[in-house]
Amino acid sequence: MAILAVKIDERATLRMNEFFDYSGFCWAVSRKRSEDGAEGADLEDFYEGTVRSSCIEDVPVIFIYENKIVGWYVTAEVYRYIRHPALFLEGNICAKTQNVRLLKRPAHIPTENIDFTADRNYLVIEMGDERYAPLKMLIQADRGPFEVIDYARIPVDARLKNSGQMMIGSGGRLTNQGRAALLLMQCEAIAREIMEDRCPGIETVKGFFELAQNVTRYDSRNVNGWYYLAMANYQLGFVRKGLKAIERALRLEPDGDDLLVMKGNLLVSNGCLEEALRCYEEAYDIHPDESYYVMAGKACICMGNPAAADRYYRQVKDPEVLEAFEITLNRRKFR
């Protein structure tokens, strides 16, 4: 099987993109993440590929940043078109986390002769190519040291866990509601990191999960605690648990537009797309935030319905909203 080499534009985002564990899987894209459209890879570039292929299995994938290998998927599925496991996550390359290796230090083997063209972020290296053997040997040898990617083996961010305990301990004799309020301060800070794409990795998300869970334990009627717990589950790919948490929040605050949007996001990941659209529309009726139309459009993309997505996008009057979500009308290509 040929090896797929993928160029990484920003190494700092690896742990929240190509090497982020979403419910036991990692997702990568073989084009620039800043590009518009849903085309991932021309599978005809693989000698096994045919015009009718939509996916090729058991493909080794290496990731290259500035002519150095930063990690690889031992084996992966490569799709022709971009898929959307969640609204915040996309990719056309999927690997189980046990087949994922992120190097603590880049591999120092010659990769200068792996040249990416201006219009492509990937290169297919076939058996017989002089570059194939050393890359195959590296993957098969499975040399480290590696970052641990498997979710079950990643510890909670101790800094967050300990700081939450310190905040509670430093407050003297607090009520449970007081403890919950202190923990919510930490949750809010992490939520901002996640929304602004500044979260350093899954350890922090797991810390976020534990903090939010403790909020709900101290104060089961705290709407924000259930909301953040749903958000943490969503980020980790625990969709059913996230839906249970957001339903608890909605029972406490039925007209919470932000709660309905979170429910919509979780429903998209669960494949309940029509129901998700109803959530976004209901949220907009409660509070006319045009970003809700964008989320509805993205849900339509997950359905494979670009025409419906376009109709939602065109209801957005503020061009800055579209720009914030990297939506460009009239130039989108979806399949």
[X] and [Y]: same hydrophobic cluster, using ILVMFWY side-chain contacts below 4.5 Å?
{"X": "Leu329", "Y": "Met295", "value": "yes"}
{"X": "Phe63", "Y": "Met137", "value": "no"}
{"X": "Trp72", "Y": "Tyr132", "value": "yes"}

* Centroid-centroid distance, Tyr22 to Phe88, less than 6.0 Å ->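 Yes.
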
With a 4.5 Å heavy-atom cut-off, do [X] and [Y] have their side chains touching?
{"X": "Ile202", "Y": "Leu236", "result": "yes"}
{"X": "Leu14", "Y": "Arg11", "result": "yes"}
{"X": "Met231", "Y": "Cys187", "result": "no"}
{"X": "Pro106", "Y": "Tyr65", "result": "no"}
{"X": "Phe20", "Y": "Val205", "result": "yes"}
{"X": "Asn121", "Y": "Phe116", "result": "no"}
{"X": "Thr216", "Y": "Asn222", "result": "no"}
{"X": "Phe25", "Y": "Thr97", "result": "no"}

Gap between atom [atom2] of [Y] and atom [atom1] of [X] - 0.5 Å precision:
{"X": "Glu282", "Y": "Leu260", "atom1": "CD", "atom2": "CG", "value": "4.5 Å"}
{"X": "Tyr228", "Y": "Ile246", "atom1": "OH", "atom2": "CD1", "value": "11.5 Å"}
{"X": "Arg131", "Y": "Glu126", "atom1": "CZ", "atom2": "CD", "value": "10.0 Å"}
{"X": "Asp115", "Y": "Lys7", "atom1": "CG", "atom2": "NZ", "value": "10.0 Å"}
{"X": "Thr75", "Y": "Gln98", "atom1": "OG1", "atom2": "CD", "value": "10.5 Å"}
{"X": "Asp21", "Y": "Trp27", "atom1": "CG", "atom2": "CH2", "value": "12.5 Å"}

* Mind running side chain to side chain contact (heavy atoms under 4.5 Å, CB included) on Ser30 and Val78 for me, showing each step along the way? => CA-CA 9 Å; Ser30 57; Val78 179; 5.6 Å; no

* Mind checking what makes ring pair (Phe, Tyr, Trp, His ring centres under 6.0 Å) contact with Phe209, not counting sequence neighbours? ->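 Applying ring pair (Phe, Tyr, Trp, His ring centres under 6.0 Å) to Phe209 gives none.
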
* By ring pair (Phe, Tyr, Trp, His ring centres under 6.0 Å), which residues pair with Tyr312, not counting sequence neighbours? ->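 Scan of Tyr312 (ring pair (Phe, Tyr, Trp, His ring centres under 6.0 Å), adjacent residues dropped) gives none.
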
* To do: Can you tell me which residue pairs pass the salt bridge (charged side-chain N to carboxylate O under 4.0 Å, His left out) test with a partner in residues 185-202, sequence neighbours excluded?
  =>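 Residue pairs with at least one partner in residues 185-202: Glu196-Arg198.
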
* **Listed once per pair and sorted, the salt bridge (charged side-chain N to carboxylate O under 4.0 Å, His left out) pairs that draw on residues 253-280, sequence neighbours left out** =>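 Residue pairs with at least one partner in residues 253-280: Glu247-Lys263.
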
Looking at every non-hydrogen atom in both residues, tell me the closest pair between [X] and [Y] and how far apart they are.
{"X": "Leu87", "Y": "Tyr234", "result": "N-OH, 3.1 Å"}
{"X": "Trp226", "Y": "Ala249", "result": "CB-CB, 3.8 Å"}
{"X": "Gly40", "Y": "Tyr122", "result": "O-CE2, 3.9 Å"}
{"X": "Cys300", "Y": "Ala309", "result": "CB-N, 3.6 Å"}
{"X": "Ile69", "Y": "Leu135", "result": "CD1-CD2, 3.5 Å"}
{"X": "Lys317", "Y": "Glu290", "result": "N-OE2, 2.8 Å"}

* Assess whether atom NZ of Lys136 is packed by more than 12 heavy atoms of other residues, nucleotides or ligands within 6.0 Å. =>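 Yes, because the 6.0 Å sphere around NZ of Lys136 holds more than 12 heavy atoms from other groups.
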
* To do: Using side-chain hydrogen bond (donor to acceptor under 3.5 Å, both in side chains) as the criterion, list what pairs up with Tyr79, not counting sequence neighbours.
  =>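 So Tyr79 forms a side-chain hydrogen bond (donor to acceptor under 3.5 Å, both in side chains) with Glu77.
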
* **Residues forming a side-chain hydrogen bond (donor to acceptor under 3.5 Å, both in side chains) with Gln213, sequence neighbours excluded** =>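 With neighbours one apart ignored, the set is Arg217.
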
* Salt bridge check: are Arg31 and Glu90 linked by an N-O gap of less than 4.0 Å? ->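 Looking at Glu90 together with Arg31, the answer is yes, because their closest N to O distance falls below 4.0 Å.
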
* To do: Could you go through the side chain to side chain contact (heavy atoms under 4.5 Å, CB included) check for Leu273 and Val268 one step at a time?
  => CA-CA 5 Å; Leu273 301 171; Val268 170; 3.8 Å; yes

* To do: May I have the step-by-step check of side chain to side chain contact (heavy atoms under 4.5 Å, CB included) for Gln235 and Ile190, ending in yes or no?
  => CA-CA 12 Å; Gln235 293 289 322; Ile190 301 172; over 6 Å; no

[Y] backbone acceptor or donor facing [X] side chain under 3.5 Å:
{"X": "Asp219", "Y": "Val215", "result": "no"}
{"X": "Arg80", "Y": "Ser53", "result": "yes"}
{"X": "Ser269", "Y": "Pro85", "result": "yes"}
{"X": "Asn214", "Y": "Glu210", "result": "yes"}
{"X": "Asp318", "Y": "Glu320", "result": "yes"}
{"X": "Asp42", "Y": "Glu44", "result": "no"}

* To do: Please lay out, stage by stage, how Leu4 and Phe46 fare under the test side chain to side chain contact (heavy atoms under 4.5 Å, CB included).
  => CA-CA 9 Å; Leu4 179 65; Phe46 292 82; 4.1 Å; yes

